[in-house]
Amino acid sequence: MAVDLTPRQPAKAYGGDGGAYYEWSPAELPMLGVASIGAAKLSLAAGGMSLPSYSDSAKVAYVLQGKGTVGIVLPEATKEKVVAVKEGDALALPFGVVTWWHNTPESAAELVVLFLGDTSKGHRPGQFTNFQLTGASGIFTGFSTEFVGRAWDLKEDDAAKLVSSQPASGIVKLTAGQKLPVPVDADRKDMALNCLQAKLDVDIPNGGRVVVLNTANLPLVKEVGLGADLVRIDAHSMCSPGFSCDSAYQVTYIVRGSGRVQVVGPDGKRVLETRIEGGSLFIVPRFHVVSKIADASGMEWFSIITTPNPIFSHLAGKTSVWKAISPEVLEASFNTTPEMEKLFRSKRLDSEIFFAPN
């Protein structure tokens with residue numbers, strides 16, 4: 001049965017004065033359930049704080065807008081890492097990590113963070129389940145005061161008071177004068193990579209640029225089990241038709257700009273043809289071939305791939321499989337003439353992955 005691949009925008013799950021949490025649902029985007037991928041977005045207003053929580057899924061976080069602070073407590077760690085984050089930062093968050101996020105009170109912009117991750121071991125395939133440590137829906141509201149008091153070595157009255165003192169759920173706005181830890185430069189090492197400042201893995205003039213996240217530049221990617229990349233293509237440029245050749249799904253969020261996308265599956269059937277724009281998310285099934293063309297504004301997208309060190313095969317450009325296949329096989333495969341084969345092979349000799357408009 002065909003699965004709807006139409007790109008979707010997220011829906012608000014909860015929020016208040018401090019900000020909001022949005023998520024994509026497998027009911028609206030069925031490929032999330034098929035691929036066991038979760039997708040969500042956190043938006044914090046000035047002074048907003050996402051309370052400490054952990055998730056049932058390993059994730060990659062990408063800062064779409066603004067700057068702020070994230071606190072990270074790795075499993076079995078005795079001290080949190082406090083990391084300053086800004087637009088373009090990517091972080092790998094393995095299982096069991098407790099995080100909190102904060103947008104500074106003086107900020108002129110919202111702090112917006114995208115989360116993409118593997119839900120195959122989670123409670124709901126295709127959707128994250130987050131466990132709040134405090135607040136109205138916090139874990140300890142479910143325990144009796146006897147258990148909480150014994151666990152924290154508090155009198156039951158004090159335990160009850162502490163557990164019920166935060167009436168908000170998930171996201172709060174700090175009051176004037178409330179202070180949080182100051183980011184530590186050393187804590188950023190191996191925890192975050194800024195994709196807008198990192199060395200480019202591909203740089204094609206008037207075509208596009210790519211930064212790939214892998215185990216070499218962000219070691220925790222190995223524990224998360226996901227690869228990721230940030231792709232920026234220029235006005236009217238084309239991203240070569242290609243596919244993931246290691247049985248991986250591609251999950252793509254359009255950061256800004258707009259354009260067109262086509263996806264082709266088995267039997268040469270076009271399974272998706274649509275316009276895509278900033279804020280939308282779509283998933284390319286395994287081994288399907290995808291290509292994109294940007295509008296006049298260009299296009300930027302952040303993707304995860306469900307393997308930590310992905311390998312792609314391209315079907316156009318100087319690195320395509322056609323350049324490797326012998327002329328005789330190409331002639332026979334297309335049932336064409338030697339002259340047409342030579343014409344075909346003579347094209348795209350200098351172009352790789354991205355093709356600028358003629």
Side-chain angles (χ1 to χ4, degrees), residues 8-15 19-26 28-29 31-33 35-44 48-74 83 85-103 110-132 170-171 191-195 213 218 220-221 223-230 249-255 278-283 301-306 308:
R8 302 291 185 188
Q9 299 273 347
K12 183 177 177 179
Y14 60 85
Y21 181 82
Y22 303 83
E23 58 186 4
W24 283 265
S25 165
E28 295 292 325
L29 186 58
M31 275 302 300
L32 289 171
S36 289
I37 293 294
K41 194 160 61 171
L42 173 68
S43 179
L44 293 178
M49 179 185 182
S50 176
L51 298 173
S53 67
Y54 64 93
S55 175
D56 64 349
S57 306
K59 306 174 184 176
V60 172
Y62 181 72
V63 180
L64 297 168
Q65 175 186 302
K67 57 184 179 180
T69 305
V70 58
I72 303 171
V73 182
L74 296 169
V83 180
V85 293
K86 62 181 180 179
E87 181 178 341
D89 277 346
L91 302 91
L93 304 174
F95 280 112
V97 167
V98 171
T99 60
W100 54 263
W101 299 79
H102 178 235
N103 189 8
E110 292 185 335
L111 173 64
V112 183
V113 186
L114 174 72
F115 299 98
L116 301 173
D118 175 15
T119 65
S120 60
K121 298 179 181 178
H123 287 265
R124 299 173 294 175
Q127 203 162 7
F128 298 133
T129 299
N130 297 320
F131 295 82
Q132 304 293 332
I171 297 173
M191 295 302 301
L193 175 76
N194 190 276
C195 297
L213 274 68
L218 194 59
L220 281 177
V221 162
E223 292 187 41
V224 172
L226 301 168
D229 57 26
L230 177 70
Y249 291 96
Q250 300 175 58
V251 185
T252 299
Y253 176 84
I254 307 301
V255 177
S280 60
L281 182 95
F282 70 100
I283 300 176
W301 64 86
F302 184 81
S303 297
I304 64 164
I305 303 93
T306 56

Under the side-chain contact (heavy atoms from CB on, under 4.5 Å) criterion, do W100 and V73 qualify, and how do the steps go? CA-CA 9 Å; W100 54 263; V73 182; 6.0 Å; no
For a side-chain contact (heavy atoms from CB on, under 4.5 Å) check, start with the C-alpha distance between F128 and E23, then their side-chain angles and the critical distance, and finish with the verdict. CA-CA 9 Å; F128 298 133; E23 58 186 4; 5.7 Å; no
Residue among L93, V85, V113, D89 satisfying side-chain contact (heavy atoms from CB on, under 4.5 Å) with V70: V85
Side chains of Q250 and S303: do they bring a donor and an acceptor to under 3.5 Å? no
Over 60° means perpendicular and under 30° means parallel, so tell me whether Y14 and Y21 are parallel, tilted or perpendicular. parallel
Validation row: Y62, L116 side chains within 4.5 angstrom (heavy atoms): no
Any idea which heavy atoms bring V97 and Y54 closest together, and the distance? O-CB, 3.4 Å
Residue pair T306 / D118, side-chain heavy-atom distance below 4.5 Å: no
Spacing of CD1 belonging to I283 relative to CG belonging to L29, to within rounding of 0.5 Å: 5.0 Å
Smallest heavy-atom separation, D56 atom then R124 atom, equals OD2-N, 4.3 Å
Give, for atom CH2 of W24 and atom NZ of K41, the distance between the pair rounded to the nearest 0.5 Å. 5.0 Å
Chi angles and distances behind the side-chain contact (heavy atoms from CB on, under 4.5 Å) call for I304, Y253: CA-CA 9 Å; I304 64 164; Y253 176 84; over 6 Å; no
Between G279 and P10 the two heavy atoms that sit nearest each other are O-CD, 3.9 Å
Before you tell me yes or no, could you show the steps for L218 and V60 under side-chain contact (heavy atoms from CB on, under 4.5 Å), namely the whole-Å CA-CA distance, both residues' side-chain angles and the distance that decides it to 0.1 Å? CA-CA 11 Å; L218 194 59; V60 172; over 6 Å; no
Looking at every heavy atom in both G38 and T119, which two are closest together, and how far apart are they? N-CG2, 3.4 Å
Does I72 offer a backbone N or O that forms a donor-acceptor pair with the side chain of T99 under 3.5 Å? no
Looking at V63, I171, L111, which one forms a side-chain contact (heavy atoms from CB on, under 4.5 Å) with L42? I171
Check P26 against Q127 and note the closest heavy-atom contact, atom names and distance. CD-OE1, 3.7 Å
Provide the closest heavy-atom pair for V221 versus L226 in the form atom of the first, atom of the second, distance. CG1-O, 2.6 Å
Hey, what do you get for OG (S53) to CH2 (W101), rounding to the nearest 0.5 Å? 10.5 Å
What's the spacing between N130 CG and S57 OG if we round to 0.5 Å? 8.0 Å
In Å and rounded to the nearest 0.5 Å, what is the CG to CD distance from L64 to E110? 11.5 Å
Rounded to the nearest 0.5 Å, what separation is found between the CD1 atom of I254 and the CD atom of Q9? 10.5 Å
Any side-chain heavy atom of L220 within less than 4.5 Å of one from P94? yes
